[in-house]
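Here the structure is a predicted model, which is why all the values come from computation and not from measurement.
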Amino acid sequence: ASHPSFIPNMEDFFLNRVDKNPIEKFNILSSKLSKQITKKIKDEKKTYMKAQKRYQRWEENLEKNNNSENIDFSPQEEFKDVLQAISHSKQEFSKKKKLSKVSKALHNY
C-alpha cells in the first residue's frame, strides 16, 4: 500500500511541476530508481561476499587446529549464524536480481 498522498503528488509532478514533458520526467524517475536498485544489489553482494570469506577463513582455521586431534563435529552447527546469513543473502540477492531486470527495463524505456 502506498502513502495516501503519493498518487496526487505524482500526478501533480507529472502534470504541473518542472518544465519537462511527462516522458522526460518518467525517464528521470526511472533512472533514479534504477540507480538505487543497482546500489542495493551491490551492497547485498558485498555483505554476501564478506560472510562467505568469514566462513572460509573459519573453516581453514578449524582444519589447522584440528589436524592432530580427531574431533567429530559438523562446522554447520558451530557456524549456524553465518550459514543462515549466507543463505539469507543468497535469497535477497536473487530478489534484487529480479528487481534489477525491472530497473533495466525501466531505464531503457
Side-chain angles (χ1 to χ4, degrees):
S2 62
H3 193 275
S5 64
F6 178 74
I7 303 296
N9 282 337
M10 288 305 283
E11 283 177 351
D12 185 47
F13 172 77
F14 275 107
L15 301 174
N16 310 321
R17 310 227 178 261
V18 189
D19 195 19
K20 292 187 187 313
N21 70 43
I23 291 169
E24 285 176 305
K25 291 177 186 177
F26 181 78
N27 285 336
I28 290 168
L29 291 176
S30 69
S31 73
K32 281 187 174 191
L33 177 65
S34 175
K35 283 173 190 161
Q36 278 187 316
I37 291 172
T38 306
K39 184 188 178 305
K40 241 185 160 173
I41 288 171
K42 283 180 183 169
D43 291 346
E44 195 58 51
K45 202 172 185 177
K46 275 184 201 167
T47 306
Y48 172 70
M49 296 308 280
K50 272 185 195 170
Q52 209 169 30
K53 277 180 189 163
R54 254 178 72 203
Y55 183 71
Q56 282 172 342
R57 259 186 265 126
W58 180 82
E59 267 193 333
E60 286 163 13
N61 288 337
L62 191 70
E63 283 173 25
K64 285 177 199 166
N65 298 337
N66 291 338
N67 270 348
S68 55
E69 309 137 38
N70 218 355
I71 299 172
D72 185 37
F73 79 99
S74 73
Q76 280 80 358
E77 285 171 31
E78 285 289 308
F79 229 60
K80 208 174 260 181
D81 59 329
V82 174
L83 284 169
Q84 283 172 340
I86 289 173
S87 70
H88 179 71
S89 288
K90 275 185 181 170
Q91 289 166 358
E92 286 298 304
F93 187 66
S94 66
K95 269 189 233 165
K96 302 288 187 301
K97 218 172 190 175
K98 285 174 193 160
L99 278 177
S100 151
K101 286 176 187 164
V102 172
S103 84
K104 278 182 186 146
L106 279 174
H107 203 62
N108 297 335
Y109 176 73

Review point. Out of curiosity, Glu59 CD to Asn61 CG, how far, rounded to the nearest 0.5 Å?
Key: 10.5 Å

Exercise for review: Kindly give the heavy-atom pair with the smallest separation between Asn27 and Ser30, and that separation in Å.
Suggested key: O-OG, 3.1 Å

Check your understanding: Do Glu92 and Lys95 come within less than 4.5 Å of each other through their side chains, counting heavy atoms only?
Key -> yes

Practice item. Using distance alone, with no hydrogens and no angle criterion, decide if Glu44 and Tyr48 have a side-chain donor and acceptor under 3.5 Å apart. Key: no

Review point. Of Lys45, Lys40, Lys39, which is the lone residue that meets side-chain hydrogen bond (donor to acceptor under 3.5 Å, both in side chains) with Asp43?
Key: Lys39

Check your understanding: Side chain of Glu24, backbone of Asn21: donor and acceptor closer than 3.5 Å?
Key -> yes

Practice item. Can you measure from OG (Ser31) to CD (Gln36) and round to the nearest 0.5 angstrom? Key: 10.5 Å

Point to revise | Rounded distance (nearest 0.5 Å) linking atom CD1 of Ile28 with atom CG of Leu33 | key: 14.0 Å

Exercise for review: Hey, could you give me the OG/CD1 distance between Ser94 and Ile41, rounded to the nearest 0.5 Å?
Suggested key: 10.5 Å

